[in-house]
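Counting starts at 1 for both ligands and their atoms, following the listed order.
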Amino acid sequence: MDYKSKIRVIPDFPTPGIRFKDITTLLQDKEAFRLAIDDIAAAFANEKIDVVVGPEARGFAVGAPVAYKLNAGFVPIRKPGKLPGEVLHYEYSLEYGKDALEVHRDAITPGQKVLIVDDLLATGGTAQATAKMVEQLGGEVVGLGVLIELTYLKGREMFPDCRIVSLAQY
Ligand SMILES: O=P(O)(O)OC[C@H]1O[C@H](OP(=O)(O)OP(=O)(O)O)[C@H](O)[C@@H]1O
Ligand SMILES: Nc1ncnc2[nH]cnc12
């Protein structure tokens, strides 16, 4: 599958100079969506993943179906103030701006094998914050699966010991 042909690039969104990779065009295409989920899941099928962790909001659209395919649980990583239980809070940087993420403290059991799934790896700040939270809860991050990797932002360099699978590179 030529995934790049399914991803719409919108210049100057949300701020001037950003070339926004819009995955809605891939998600709405039933064949591309199914193949993308299957490809990410297949890359980690031998890892005995217990839990897929996905950051809000686009990480839900990719992470939850990958978890289903891997027969794993799904843990949402949310922006502050959204999760009702006791949370772990973590601040991080984006390609544009800053943000913070939270996860339920009881979402991961020590020793669980965790796969992080998101739509896009840019600076790696989101994925790194997610990995740090997983590790603080005792989980073992065994990989990172994304639809899109912005290679020029070198997010991959933040994960020297982690297998990263991306379906489309820019
Ligand atoms: O590698 P990074 O530089 O951290 O950037 C990648 C993150 O940025 C986007 O999320 P965003 O925070 O825009 O949230 P959204 O999914 O709710 O739109 C994207 O979905 C990734 O989670
Ligand atoms: N260029 C980009 N397009 C879409 N989502 C992003 N998140 C961070 N950078 C992005």
I'd like to check which ligand 2 atoms, numbered from 1 as shown, lie under 4.0 Å from a non-hydrogen atom of A122. 8 (C), 9 (N)
Heavy-atom distances under 4.0 Å are what count here, so tell me which part of R58 touches ligand 2: side chain, backbone, both or neither. side chain
Note: ligand 2 atoms sitting under 4.0 Å from heavy atoms of L120 are 3 (N), 4 (C), 5 (N), 6 (C), 7 (N), 8 (C), 9 (N), 10 (C)
Could a heavy atom of L150 be found less than 4.0 Å from some atom of ligand 2? yes
Considering all heavy atoms of both residues, which atom of L88 and which atom of Q136 are nearest to each other, and what is their separation? CD1-OE1, 3.4 Å
How about F60 and F74: do any of their side-chain heavy atoms sit closer than 4.5 Å? yes
At under 4.0 Å between heavy atoms, which part of T123 makes contact with ligand 1: side chain, backbone, both or neither? both
Side chains of V52 and L115, heavy atoms from C-beta outward: is any pair under 4.5 Å? yes
Heavy-atom pairs closer than 4.0 Å: do any link ligand 1 to the side chain of A57, the backbone, both, or neither? both
Using 0.5 Å steps for rounding, measure from the CD1 atom of I7 to the OG1 atom of T24. 10.5 Å
May I ask you to test the E135-V141 pair for a side-chain heavy-atom distance under 4.5 Å? yes
NZ or CZ of K21 within 45° of Y170 ring axis and under 6.0 Å: yes
Reported CG-to-NZ distance for the pair D38 and K69, which is rounded to 0.5 angstrom: 4.0 Å
So if I apply the side chain to side chain contact (heavy atoms under 4.5 Å, CB included) rule between M133 and each of I108, V53, I77, V75, which one comes out positive? I77
Please verify whether a non-hydrogen atom of Q128 lies at under 4.0 Å from ligand 1. no
From atom 21 (C) of ligand 1, work out which of L150, D118, I148 has a heavy atom at the shortest distance. D118
Ligand 1 atoms in contact with G124 (distance to a heavy atom under 4.0 Å): 1 (O), 2 (P), 3 (O)
Min N/O separation L121 to ligand 1 under 3.5 Å: no
Nearest neighbour of atom 18 (O) of ligand 1 from the list E149, R58, E56, on a heavy-atom basis: R58
The atoms of ligand 1 lying under 4.0 Å from a heavy atom of L120, numbered in the order shown, are 6 (C), 21 (C)
Under 4.0 Å from a heavy atom of D119: give me the atoms of ligand 1 that qualify, with their elements. 19 (C), 20 (O), 21 (C)
So is D119 polar-close to ligand 2, meaning N/O to N/O under 3.5 Å? no
Are Y90 and V103 packed together at the side-chain level, in the sense that at least one heavy-atom pair is separated by less than 4.5 angstrom? no
